Protein chains: 2
Amino acid sequence: MTVDHAASVIAVIARLKDKGYRITAQRQAMIAQLVESGQALSAFEIWEKLKVRYKDISLDTVYRNLHVLVDLEALTPINALGKESVRYELVDTSHHHHIVCVKCGQTQCIEYCPVDPRLMLVLQTHGYELVRHNLELFGVCRQCNPS
Amino acid sequence: MTVDHAASVIAVIARLKDKGYRITAQRQAMIAQLVESGQALSAFEIWEKLKVRYKDISLDTVYRNLHVLVDLEALTPINALGKESVRYELVDTSHHHHIVCVKCGQTQCIEYCPVDPRLMLVLQTHGYELVRHNLELFGVCRQCNPS
DNA sequence: CTCACTGCAAATGCTTTGCACTATA
DNA sequence: TATAGTGCAAAGCATTTGCAGTGAG
């Protein structure tokens, strides 16, 4: 684990401690896994990867702790682009979105976000303060495009 | 049913016929329900409303036909992140998004879309042609905001 | 008359929950 | 030591599917 990664893990652990949560082996392992893999993971994927290293971790616990981490605002849930299960991403990961091909299901990260400041104003007129957003993009990829 | 509504229903039925699908009582009832209610509905909600008028309709059929109508591009699925079930909206409904309060779960329609033309260009550089998008907004509503 | 469509019931897949045990603080 | 956290097993819930009967074309 790099120094940067270690720092990220420590930051999340500090937040747990701050809110009165206990620091368990399972929580530390989950956070480390998310930091090291550097991408959004589903509960099942996290569990699958952790089973190898630390034999004692149940999928139930992964789910429970994902909720805790979302409550702490350490993770952001990313919706199930249709079929799949929810994925979780560290909040400090650079903001981006994903596009899914409606024909083959392949996905790709898009390092661009079209949400502009006017959205916040519009939401304020509705009485809402924006916390986060999730943009789901559906398109046809080069391989599936007949043109 | 108003003249406008009837026209919308006929348009979708024409598209079904065009693609070789059969026009069944259940499909007509579902389309009419979506047109008349004028909002995104879940499979369960459609089934619940139709049960009253036409006793013979199963939830399975509602699910199957929703998939058919999405394939025809007559409906757009809207994912309400994780918790709730998927909702379906007629494609000709004016484009908008929804905001969900992360505290109380209340939702509201937002008649504004922040997606600008640059997004299409960015996607093209990735080889994708955008078909549709779904923006999920999460915030805190006036009632839940402590400030 | 044929086969797409349907209802039924059972299965699936992801996620949640009750309970008794374990381990952090 | 107290109780938050855990594993296990079972339950939930939305959605899907196999099958035999029904009805649209």
Side-chain angles (χ1 to χ4, degrees), chain A residues 10 12-31 33 40-72 74-75 77-88 105, chain B residues 10 12-31 33 40-72 74-75 77-88 105:
Chain A
I10 290 167
V12 177
I13 288 175
R15 212 173 322 179
L16 274 170
K17 205 170 271 177
D18 213 51
K19 295 280 183 177
Y21 288 101
R22 293 184 180 174
I23 313 305
T24 65
Q26 292 89 334
R27 285 181 181 161
Q28 291 185 70
M30 282 178 61
I31 297 163
Q33 185 61 62
L41 300 173
S42 67
F44 185 85
E45 286 167 343
I46 293 171
W47 177 68
E48 215 174 15
K49 286 166 196 263
L50 291 184
K51 263 197 312 186
V52 182
R53 292 194 264 174
Y54 321 86
K55 60 180 179 297
D56 262 358
I57 187 158
S58 75
L59 184 53
D60 324 62
T61 297
V62 173
Y63 275 110
R64 273 189 277 234
N65 286 337
L66 284 173
H67 291 316
V68 168
L69 294 169
V70 169
D71 278 352
L72 286 180
L75 295 183
I78 297 172
N79 203 345
L81 309 158
K83 293 281 201 182
E84 296 165 32
S85 52
V86 179
R87 285 164 179 284
Y88 296 85
Chain B
I10 289 166
V12 176
I13 288 176
R15 210 173 324 177
L16 274 170
K17 205 170 270 176
D18 212 51
K19 295 281 182 176
Y21 289 101
R22 294 188 177 173
I23 312 306
T24 64
Q26 291 90 334
R27 285 180 181 161
Q28 291 185 68
M30 282 177 61
I31 297 163
Q33 185 61 61
L41 299 174
S42 67
F44 185 85
E45 287 167 343
I46 294 171
W47 176 68
E48 214 174 16
K49 286 165 197 264
L50 292 185
K51 263 196 314 186
V52 182
R53 290 195 264 175
Y54 321 85
K55 59 179 179 300
D56 262 356
I57 186 157
S58 76
L59 185 52
D60 324 62
T61 297
V62 172
Y63 274 111
R64 273 189 277 234
N65 287 337
L66 284 173
H67 291 316
V68 168
L69 293 169
V70 170
D71 278 353
L72 286 180
L75 295 184
I78 298 171
N79 279 341
L81 198 94
K83 292 289 191 187
E84 294 168 34
S85 51
V86 180
R87 283 164 182 282
Y88 297 85

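The structure presented is a predicted model; accordingly, all values stated were derived computationally and were not measured.
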Could you give the [atom1]-to-[atom2] distance, from [X] to [N], as a whole number of Å?
X: A:R64; N: D:dG7; atom1: CZ; atom2: P; answer: 8 Å
X: B:H67; N: D:dT17; atom1: NE2; atom2: C1'; answer: 11 Å
X: A:W47; N: D:dT6; atom1: CH2; atom2: P; answer: 16 Å
X: A:D60; N: C:dA20; atom1: CG; atom2: C1'; answer: 14 Å
X: B:I57; N: D:dG23; atom1: CD1; atom2: P; answer: 15 Å
X: A:D71; N: D:dG5; atom1: CG; atom2: P; answer: 12 Å
X: A:Y63; N: D:dA9; atom1: OH; atom2: C1'; answer: 16 Å
X: A:R87; N: C:dC14; atom1: CZ; atom2: C1'; answer: 13 Å

Handout entry: Residues touching DNA chain D, which here means a heavy atom under 4.0 Å, drawn from residues 17-31 of chain A
Key = A:Y21, A:R22, A:T24, A:Q26, A:R27

Handout entry: Separation between CD1 of A:I57 and CG of A:L50, rounded to the nearest 0.5 Å
Key = 4.5 Å

Fill in the blank from the handout: Interatomic distance, CG@B:L66 vs CG@B:L75, rounded to 0.5 Å, equals 6.5 Å

Problem - B:L59 and B:I46, any side-chain heavy atoms less than 4.5 Å apart - result: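 The answer is no, as the side chains (C-beta and beyond) never meet within the 4.5 Å cut-off.
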
Practice task
Can you sort out the partners of B:F44 under ring-ring contact (aromatic ring centres under 6.0 Å, His included), two or more places apart, ordered by chain and number?
Solution key: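 By the ring-ring contact (aromatic ring centres under 6.0 Å, His included) rule, B:F44 matches B:W47.
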
Show me, pair by pair, the donor-acceptor contacts under 3.5 angstrom made by side chains of residues 24-31 of chain A, not counting sequence neighbours?
unit_1	atom_1	unit_2	atom_2	d
A:T24	OG1	A:R27	N	3.2
A:R27	NE	A:N65	OD1	2.9
A:R27	NH1	A:R22	O	2.9
A:R27	NH2	A:N65	OD1	3.3

Completion exercise
Side-chain contact check for A:S58: nearest option of D:dT16, D:dG7, C:dT15 is D:dG7

Practice task
From the options C:dC14, C:dA9, D:dC19, select the nucleotide whose nearest atom is closest to the side chain of A:S85.
Solution key: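 So the nucleotide nearest the side chain must be C:dC14.
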
Exercise for the section: Specify the closest pair of heavy atoms between B:R15 and B:L72, including all atoms of both residues, with the distance to one decimal. Expected result: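 Minimum heavy-atom separation between B:R15 and B:L72: NH1-O, 3.2 Å.
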
Exercise for the section: Might you point out which heavy atoms bring B:V62 and B:A43 nearest each other, and give the distance in Å? Expected result: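 Closest approach of B:V62 to B:A43, heavy atoms only: CG1-O, 3.6 Å.
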
Handout entry: Residue pairs passing the salt bridge (Lys or Arg N to Asp or Glu O under 4.0 Å) test where at least one lies in residues 57-71 of chain B, sequence neighbours excluded
Key = none

Problem - Partner set under side-chain contact (heavy atoms from CB on, under 4.5 Å) for A:E45, not counting sequence neighbours - result: A:L41, A:S42, A:R87

Handout entry: Rounded (10°) bend between the five-pair end axes of the helix from C:dC1-D:dG25 to C:dA25-D:dT1
Key = 40°

